[in-house]
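Working notes for the structure below.
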Amino acid sequence: MKKLLIIGGVAGGASAAARARRLSEDAEIIMFERGEYVSFANCGLPYHISGEIDQRSALVLQTPQSFKARFNVDVRVQHEVVSIDAAAKTVSVKNLLSGEVYQEDYDALVLSPGAAPVVPPIPGLINPLTFSLRNLPDMDRILDRLKQTKPTHATVVGGGFIGLEMVEALRHLGIEVTLLELSNQVMMPVDLEMANMLHQELVAKGVDLKLNCGLQAVEHKASGLSLSLSTGESLETELLISAIGVKPEIRLALDAGLAIGELGGILVDEQMRTSDAAIFAVGDAVEETDLLTGEKALIPLAGPANRQGRIAANNIFGMNEGYNKTQGTAICRVFDLAVASTGLNEKRLQKLSIPYDKVYVHGASHASYFPGAHPVSLKLLYNTDTGQILGAQAVGRDGIDKRIDVLAVAIRGGMTVYDMQEMELTYAPPFGSAKDVLNQAGFVASNVLNGMSRLCHTNEIDAATEHQLLLDVRNPGELSKMGAIEGAVNIPLDQLRDRLDELPKDKEILVFCYVGLRGHVAYRMLVNSGFKAKNLTGGIKTYQMVKARY
């Protein structure tokens, strides 16, 4: 019989415990959690603050009693493991209620300590009106403050997942919100032009969005907080949410002599085993391997943590199973929009020696003629040598999860843009289109690779020379409604065939429409008539996304 100790619950630890029991009815399994809750939905915390998840109890997934009843796991909450003696295979545990310290031995140990909020050295940041959000007690403290003081203004620092979700939650409660983001965009997993759609949504929903703006100092006053910003401005606020990011909890591992990676996470092999053969580690505290690059990465997501906990338990009980890397598939709601991504973004690809290109497609969430269809903006990144799908990002009101989930599976399966042309996806007018956005992206990228199309991007439009001509094939009414590009000649697509003699054959024609489809039809007409041309991928809609500033 094995004795298995698990340090930390939630996604990774609780998954390891449940899987271990399913593999062995005889093993002694003890799980330690220094907090009050062993298994809770931390991704749901902002939605209880907003009131969308009405019952707090809905966030508590398992209790010590329910875990004992179903899995016969001895769950000890408010018990903190203070040290690990790897040589003796023992841990020292402190009962946080009684103060008692005792030892437990083990045959195998799983570390699932998670990650802690980053607390930057900002003067005055530690004060009663500043909060982070990682667990239920954090949520309770925020809710208590909101009920006690009923603030009219709050500030969120950090435009990542938690920051954006908290901005939405606070606005849902009628609170004025300022969002501070040090970089030039929110939601760093996506590229700037895709994030610009989120910036537009935030501003439209009344958020005071401050990009390229850092928090430098905090002063606690009787009326609230006075914030000093890197722009030289000061800001008065009544509540501050610090959502700058998280870092792996590695103190126990470090003190136990376990290997720590260059990124600051616990090093593990494919079996989730640490540098000590009897100790495994899972979840936000470990350094994972990127599926597409093979590089080490810190990816604090619940899905990978759950799978890692399962794999660690499998290997502890005699299986030989490897964790097949992480690709970082994620989604976030930002008011009426969803933003999702998988694989590599363009910022990463620019730092790697992988030959890549990108296409943009703007389609509809389902058949456009059926009521309720919403725009879907998709960015697809692919290898120009092989056609392999490298990454994707999508923004829209509906159907975003569906498209990115399909592409996440496609990337996992090593599929190419040629395969995307053949994807057989469900179609009925309320649900999809006969040619889905994904098929369309596959058509566009495949046309480029097989020479049927030549694309240009926003930077080429802006850098057009005297040897090039910009051709806008939209209808004249669209120019005033949707904007135009200065210096472009306007010939509507349906008139183009009869007006080709107005165009010079000694210049390269950079053609565009609103989203790229009519531009492609015009491109084929031009090249079939002896012109040299390129089509702006994603049309002027993508051009405007790239050029937008907030």
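Residue numbers run from 1 in the order of the sequence given. The structure presented is a predicted model; accordingly, all values stated were derived computationally and were not measured.
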Okay, side chain of [X], backbone of [Y]: is any donor-acceptor separation there less than 3.5 Å?
{"X": "Thr537", "Y": "Tyr360", "value": "yes"}
{"X": "Gln544", "Y": "Met482", "value": "yes"}
{"X": "Asn315", "Y": "Ala312", "value": "no"}

[X] pairs by side chain to side chain donor-acceptor pair (under 3.5 Å) with which of [options]?
{"X": "Thr329", "options": "Thr342, Asp401, Asp405", "result": "Thr342"}
{"X": "Thr237", "options": "Thr178, Thr152, Thr155", "result": "Thr155"}
{"X": "Asp191", "options": "Arg348, Lys358, Gln393, Gln185", "result": "Gln393"}

For Glu165, what residues pass the side chain to side chain donor-acceptor pair (under 3.5 Å) criterion, not counting sequence neighbours?
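Result, side chain to side chain donor-acceptor pair (under 3.5 Å) vs Glu165: none returned.
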Set of side chain to side chain donor-acceptor pair (under 3.5 Å) partners for Thr63, sequence neighbours left out
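Expected list: Gln65, Ser66.
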Between atom CG of Leu202 and atom CD of Gln200, what is the distance when rounded to the nearest 0.5 Å?
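If we round to the nearest 0.5 Å, Leu202:CG and Gln200:CD are 10.5 Å apart.
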When rounded to the nearest 0.5 angstrom, what distance separates OG1 in Thr458 from CD1 in Ile540?
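With rounding to 0.5 Å, OG1 (Thr458) is 9.5 Å from CD1 (Ile540).
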Tell me if the NZ atom of Lys247 is crowded by more than 12 foreign heavy atoms within 6.0 Å.
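Atom NZ in Lys247 is not packed in, count stays at 12 or less.
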Does Arg70 CZ have over 12 foreign heavy atoms under 6.0 Å away?
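No, not enclosed.
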So, Gln327 versus Arg412: side-chain donor-acceptor pair below 3.5 Å or not?
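There is such a pair between these side chains.
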Mind checking whether Phe32 and Tyr102 have parallel, tilted or perpendicular rings, split at 30° and 60°?
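Plane angle between 30° and 60°, so tilted.
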